[in-house]
Enquirer: 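This is the structure, below, for whatever I ask next.
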2 protein chains.
Amino acid sequence: MKDKQHKVLVVDDEQSILELLTYNLEKEGYEVKSASDGFEAVEVAKDFKPEVILMDIMMPNQDGVETCRQIKENGDLKNTFVIFLTARSEEYSEVAAFEVGADDYITKPIKPRALMSRINAYFRRDTKDKNNHITAGDLIIDRTSYTVRLNEVELILPKKEFELLYFLVKNPNKVFNRDELLQNIWGSDVYVLARTVDVHIRKIREKIGENYITTVKGVGYKFSLA
Amino acid sequence: MKDKQHKVLVVDDEQSILELLTYNLEKEGYEVKSASDGFEAVEVAKDFKPEVILMDIMMPNQDGVETCRQIKENGDLKNTFVIFLTARSEEYSEVAAFEVGADDYITKPIKPRALMSRINAYFRRDTKDKNNHITAGDLIIDRTSYTVRLNEVELILPKKEFELLYFLVKNPNKVFNRDELLQNIWGSDVYVLARTVDVHIRKIREKIGENYITTVKGVGYKFSLA
DNA sequence: TATCAACTTAACAATTACTTAATGATTAGT
DNA sequence: ACTAATCATTAAGTAATTGTTAAGTTGATA
């Protein structure tokens with residue numbers, strides 16, 4: 001099973017293909033929704049907020065390229081990974097597809113195993129080095145937005161608290177004494193009392209709970225996963 | 001749905017093809033007229049002023065190339081996009097076609113879906129700059145008109161405010177410090193005090209409300225989706 | 001050139017973060 | 001179990017950052 005349920009939206013006007021893809025994706029442990037045309041796809045995407053959209057490029061009413069453009073316009077969905085499906089014979093311009101922000105391109109006939117490995121690869125990459133964030137247990141610490149998520153709840157920490165937590169999480173299970181922490185977070189030219197650290201630790205614990213930062217008496221603090 | 005009704009003229013001497021094309025185009029939401037020979041095509045075009053003409057190149061009485069030439073002669077129709085239809089076996093000179101101002105070329109047998117995508121692509125290109133907007137929550141930010149819509153209410157922001165908001169919305173949830181914002185919006189050679197940003201932020205908040213731009217104390221500002 | 005809107009600056013108020021210090025709780029060593 | 005050391009917690013004071021307003025400045029426009 002996957003650590004967390006990833007969401008995939010599949011869009012195609014052929015029911016048989018929707019079923020084929022849905023079946024395979026669910027077997028891999030993804031949460032799947034489907035849409036049978038472009039309009040529906042945009043609606044569902046807004047709500048469902050999938051990480052990946054698998055979409056036929058040729059569809060009645062509104063084709064995949066236009067649909068992709070509309071989806072990418074939405075701030076919430078800007079980083080959604082869009083993969084187009086297309087028959088090899090169709091001479092649809094790849095250029096147009098990439099212009100609207102398509103991220104990958106797969107030609108039919110679909111080989112389920114190959115497709116799955118491609119999607120799995122995406123999620124591996126995504127969770128690994130994409131955004132500037134660290135995950136530790138139920139915590140997600142994101143440097144770009146300066147936020148900490150604890151079980152989907154967003155916490156806002158003041159700067160020093162954030163930096164302190166970030167530093168500890170980046171060096172898990174390693175104990176630092178107060179002076180080391182001051183050096184690394186406050187800087188070498190700042191003169192504050194070592195006990196100041198205690199107060200910050202206290203406030204962090206207040207927000208994320210008592211189970212993450214451990215006191216090592218006589219030495220200092222460390223971040224440790226239960 | 002389409003923003004505006006686009007007009008397409010289809011010209012072919014085979015009734016079945018006219019019907020096929022008309023059916024598919026109307027299903028896509030276009031306004032369609034048809035003509036079954038070159039003379040009729042010119043007449044209808046003058047009146048109807050279509051944005052796109054889909055025309056068989058081989059027709060009795062007057063072929064597509066000649067018809068195209070006549071149409072392009074007309075000032076009103078100079079910018080009409082002409083797409084020729086031709087059987088792959090026909091060795092009709094592409095050169096002649098492009099000489100008279102044809103804009104694209106599609107070989108029969110016609111695959112309706114591929115054709116529709118091609119036509120959609122044309123209209124998309126045409127209206128590309130008009131639809132240059134981003135959506136984020138209740139906000140729609142339109143670069144061409146320099147306007148921001150908030151729940152159907154149109155706001156007009158001065159240039160700096162607009163650019164600042166646009167930049168933040170384009171990079172949602174990412175925190176920028178004042179200098180980064182100055183760099184990106186004012187430019188690297190401009191020398192203004194960092195606190196100027198605060199004033200602009202204040203004015204933007206006055207207009208769009210307090211819930212979109214978040215202050216990250218000690219760091220900067222970010223646009224955050226609720 | 002007079003007017004107006006946009007932009008910048010500066011000053012001060014308000015808010016928030018940070019540090020300190022004092023007191024209470026816990027732990028380790030004897 | 002006693003004591004000394006260390007840590008936790010709280011509250012209050014201080015510093016830093018941001019919010020807000022208003023008064024200049026610039027630059028475009030009629």
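Hydrogens, waters and symmetry mates are skipped; everything else that's a heavy atom, side chains included, is used. Chain naming here is simple, since letters A, B, ... match the order of the sequence lines and numbering starts at 1 in each.
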Enquirer: Under 4.0 Å between a side-chain N or O of Tyr221(A) and OP1 or OP2 of dA8(D)?
Expert: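 Affirmative; the distance criterion is met.
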Enquirer: Report the distance from atom CG of Leu193(B) to atom P of dA11(C), rounded to the nearest whole Å.
Expert: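 Value for this atom pair: 11 Å.
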Enquirer: Which donor-acceptor pairs under 3.5 Å do side chains of residues 162-170 of chain B form with protein atoms, sequence neighbours excluded?
Expert:
residue: Glu163(B); atom: OE1; partner: Arg143(B); partner atom: NH2; Å: 2.6
residue: Glu163(B); atom: OE2; partner: Arg143(B); partner atom: NH2; Å: 3.3
residue: Glu163(B); atom: OE2; partner: Tyr146(B); partner atom: OH; Å: 2.5

Enquirer: Scan Val190(A) against the nucleic acid and name what it touches under 4.0 Å (heavy atoms): base, sugar-phosphate only, or nothing.
Expert: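 It contacts nothing in the nucleic acid.
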Enquirer: Look at the side-chain N and O atoms of Thr215(A) and state whether any lies under 4.0 Å from the OP1 or OP2 oxygen of dT6(D).
Expert: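 No.
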Enquirer: Inspect the contact between Lys46(B) and Asp76(B) and indicate whether a charged nitrogen and a carboxylate oxygen are less than 4.0 angstrom apart.
Expert: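 Here Asp76(B) does not pair with Lys46(B) in a salt bridge, since their nearest N and O are not under 4.0 Å apart.
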Enquirer: If you compare every side-chain N and O of Arg195(B) against the phosphate oxygens of dT18(D) (OP1, OP2), does one of them come in below 4.0 Å?
Expert: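 Answer is no, no contact under 4.0 Å.
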Enquirer: Between Asn177(B) and Asp179(B), is there a donor-acceptor pair closer than 3.5 Å when you use the side chain of the first and the backbone of the second?
Expert: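 Yes: the side chain of Asn177(B) pairs with the backbone of Asp179(B).
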Enquirer: Give a yes/no on whether any side-chain N or O of Arg178(A) is located under 4.0 angstrom from OP1 or OP2 of dC7(D).
Expert: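 Yes, Arg178(A) has a side-chain N/O under 4.0 Å of OP1/OP2 on dC7(D).
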Enquirer: Within this structure, what is the CD1-to-P distance between Ile156(B) and dA5(C), rounded to whole angstrom?
Expert: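 The distance from CD1 of Ile156(B) to P of dA5(C) comes to 13 Å, rounded to the nearest Å.
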Enquirer: What is the distance from NZ of Lys203(B) to C1' of dG19(D), rounded to the nearest Å?
Expert: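 Going from NZ in Lys203(B) over to C1' in dG19(D) covers 14 Å.
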Enquirer: Find out whether the Lys NZ or Arg CZ of Lys7(A) is both under 6.0 angstrom from the six-membered ring centre of Phe48(A) and within 45° of the ring's axis.
Expert: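 Yes, a cation-pi geometry holds between Lys7(A) and Phe48(A).
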Enquirer: Between dA28(D) atom P and Lys160(B) atom NZ, what is the distance in whole Å?
Expert: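 Rounded to whole Å, this separation is 11 Å.
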Enquirer: If you assign Val199(A) and His200(B) each to the DNA chain C nucleotide with the nearest heavy atom, which residue ends up on the more 5' nucleotide?
Expert: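 It is His200(B), whose closest nucleotide lies nearer the 5' terminus.
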Enquirer: Could you pick out which residue, Ala194(A) or Lys217(A), lies toward the 5' side of DNA chain C when each is mapped onto its nearest nucleotide?
Expert: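 Comparing both residues, the 5'-ward one is Ala194(A).
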Enquirer: Ile204(A) has an atom CD1; how far is it from atom P of dA17(C), in whole Å?
Expert: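 Checked: the CD1 to P distance equals 13 Å.
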Enquirer: Counting only side-chain nitrogens and oxygens, does Thr196(A) get under 4.0 Å of the OP1 or OP2 atom of dT20(C)?
Expert: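 Affirmative; the distance criterion is met.
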Enquirer: Using OP1 and OP2 only, check whether a side-chain N or O of Trp186(B) sits under 4.0 Å from dC7(C).
Expert: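 Result: no.
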Enquirer: Rounded to whole Å, please give me the gap between CG in Asp198(A) and P in dT20(C).
Expert: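 Answer to the nearest Å: 12 Å.
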Enquirer: Rounded to the nearest angstrom, tell me the gap between atom OH in Tyr146(A) and atom P in dT17(D).
Expert: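 Checked: the OH to P distance equals 13 Å.
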Enquirer: Could you pick out which residue, Lys159(A) or Gly220(A), lies toward the 5' side of DNA chain D when each is mapped onto its nearest nucleotide?
Expert: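 Final value for this comparison: Gly220(A).
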Enquirer: Are Arg205(A) and dA8(D) close enough that a side-chain N or O sits under 4.0 Å from OP1 or OP2?
Expert: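 Affirmative; the distance criterion is met.
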Enquirer: Angle between the end axes of the helix from dT1(C)-dA30(D) to dT30(C)-dA1(D), five pairs per end, to the nearest 10 degrees?
Expert: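 One end axis against the other gives 30°.
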